[in-house]
Amino acid sequence: MTETITKTPGWLDWYADPTKPRFTLPEGAVDAHCHVFGPGAEFPFAPERKYTPCDASKNQLFALRDHLGFSRNVIVQATCHGADNRAMVDALRASGGRARGVATVRPGISEAELADLHEAGVRGVRFNYVKRLVDTPSPEDLRDVVARITPFGWHVVIYFEAPDLPELRDFFTSIPLPLVVDHMGRPDVSASPDGPGFAGFLDFMRDKTDVWCKVTCPERLSRTGPPALDGEHAAYRDVVPFARRVVEDFPDRVLWGTDWPHPNLTDHMPDDGLLVDGIPHIATTPELQQALLVDNPMRLYWPEEGSTP
Ligand code: 0GY
């Protein structure tokens with residue numbers, strides 16, 4: 001008998017009919033942060049998960065990719081699947097080389113298991129420090145995994161919230177691999193982008209010169225919310241100065257992604273087409289857009305294909 005999967009109360013399904021973006025993505029653009037959920041009947045959610053999502057399958061992700069005008073995806077393991085990477089790996093294998101992955105692995109993972117993940121297209125591991133999503137990993141866990149993935153040339157994706165950076169910063173700086181920060185380290189966008197909180201994050205990026213940043217998730221960070229583009233303002237306009245600052249200060253270390261299917265949003269679900277239309281507000285020249293959407297993600301996830309210098 002199939003188990004009935006009940007979504008977390010208040011969970012919003014992803015936007016079924018996104019707008020066709022008005023902004024034309026550069027050729028070869030990569031959606032560098034997105035997930036697959038299940039389908040739960042085929043790839044069960046992890047027993048230790050903190051939420052139960054709706055299904056969001058690989059084919060639905062690939063349809064969104066094509067609709068928005070992206071060429072490739074970076075599929076990031078979501079916490080609802082724990083360290084069971086099968087749904088993500090299945091999507092990588094079905095992508096025909098057009099998706100790479102970021103896995104969650106536990107300390108003690110074997111070289112053979114890592115080699116299998118590498119062969120499927122995994123190029124990084126994710127460590128999550130957001131307390132509502134996971135039980136926080138210990139420094140020893142991350143050090144163990146770092147030692148094991150180093151021979152594969154992978155990097156570490158970290159997800160944390162701004163108030164936790166001061167405590168974590170020295171530890172992160174000590175990691176001898178590139179780090180990729182999810183969602184700009186979740187700044188408080190009601191504060192000034194010139195204030196001490198965000199300055200601390202920018203300083204962290206200046207200090208450790210192989211820290212990359214995903215200028216993603218305005219819908220998660222915004223207080224002003226999602227008015228559609230009206231020709232004057234980007235949607236989620238309070239997030240724009242933060243993202244623009246990172247793009248302009250670190251043009252060769254930024255990535256952009258949809259975050260489809262947008263886990264854990266309870267007040268509104270963004271239209272992915274409008275998210276794409278926000279890009280020219282944060283990367284304001286063709287050169288910055290090319291770096292953000294093509295050259296940077298290609299250098300990190302498809303280095304063997306080269307990138308424009
Ligand atoms: C995100 C954000 C969230 C969740 C996850 O893996 C996850 O469960 O990443 C969140 O709730 O902030 O990156 O998509």
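Hydrogens, waters and symmetry mates play no part in the numbers below; they use all other heavy atoms, side chains included. Just so you know, ligand 1 is whichever comes first in the structure, and atom 1 is the first atom listed for that ligand. If you read the sequence from its start, that first residue is 1, and numbering goes on from there.
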| query | How would you list, by chain and number, every residue that makes a ring-ring contact (aromatic ring centres under 6.0 Å, His included) with Phe23, sequence neighbours excluded? | reply | none

| Considering all heavy atoms of both residues, which atom of Trp260 and which atom of Asp272 are nearest to each other, and what is their separation? | CD1-OD2, 3.6 Å

| task | For Glu287, check salt bridge (charged side-chain N to carboxylate O under 4.0 Å, His left out) against everything at least two apart and list the hits. | result | none

| Between Pro39 and Asp55, which heavy-atom pair has the shortest distance, and what is it? | CA-OD1, 3.3 Å

Please tabulate protein-ligand N/O pairs under 3.5 Å for ligand 1, atom names and distances to 0.1 Å.
{"residue": "ligand 1", "atom": "6 (O)", "partner": "Thr79", "partner atom": "N", "Å": "2.7"}
{"residue": "ligand 1", "atom": "6 (O)", "partner": "Arg126", "partner atom": "NH1", "Å": "2.8"}
{"residue": "ligand 1", "atom": "8 (O)", "partner": "Tyr51", "partner atom": "OH", "Å": "2.5"}
{"residue": "ligand 1", "atom": "8 (O)", "partner": "Thr79", "partner atom": "N", "Å": "3.3"}
{"residue": "ligand 1", "atom": "8 (O)", "partner": "Thr79", "partner atom": "OG1", "Å": "2.5"}
{"residue": "ligand 1", "atom": "9 (O)", "partner": "Arg126", "partner atom": "NH1", "Å": "3.0"}
{"residue": "ligand 1", "atom": "9 (O)", "partner": "Arg126", "partner atom": "NH2", "Å": "2.9"}
{"residue": "ligand 1", "atom": "11 (O)", "partner": "Arg132", "partner atom": "NH1", "Å": "3.0"}
{"residue": "ligand 1", "atom": "11 (O)", "partner": "Arg132", "partner atom": "NH2", "Å": "3.3"}
{"residue": "ligand 1", "atom": "11 (O)", "partner": "Arg220", "partner atom": "NH1", "Å": "3.4"}
{"residue": "ligand 1", "atom": "11 (O)", "partner": "Asn264", "partner atom": "ND2", "Å": "2.8"}
{"residue": "ligand 1", "atom": "12 (O)", "partner": "Arg132", "partner atom": "NH2", "Å": "2.8"}
{"residue": "ligand 1", "atom": "12 (O)", "partner": "Tyr159", "partner atom": "OH", "Å": "2.5"}
{"residue": "ligand 1", "atom": "12 (O)", "partner": "Arg186", "partner atom": "NH1", "Å": "3.4"}
{"residue": "ligand 1", "atom": "12 (O)", "partner": "Arg220", "partner atom": "NH1", "Å": "3.2"}
{"residue": "ligand 1", "atom": "13 (O)", "partner": "His33", "partner atom": "NE2", "Å": "3.0"}
{"residue": "ligand 1", "atom": "13 (O)", "partner": "Arg126", "partner atom": "NH2", "Å": "3.1"}
{"residue": "ligand 1", "atom": "13 (O)", "partner": "His183", "partner atom": "NE2", "Å": "2.7"}
{"residue": "ligand 1", "atom": "14 (O)", "partner": "His35", "partner atom": "NE2", "Å": "2.8"}
{"residue": "ligand 1", "atom": "14 (O)", "partner": "Asp259", "partner atom": "OD1", "Å": "2.5"}
{"residue": "ligand 1", "atom": "14 (O)", "partner": "Asp259", "partner atom": "OD2", "Å": "3.1"}

| note | Between the CZ atom in Phe45 and the OH atom in Tyr51, the distance rounded to the nearest 0.5 Å is 8.5 Å

| query | Which residues satisfy the salt bridge (charged side-chain N to carboxylate O under 4.0 Å, His left out) test with Asp203, sequence neighbours excluded? | reply | Arg169

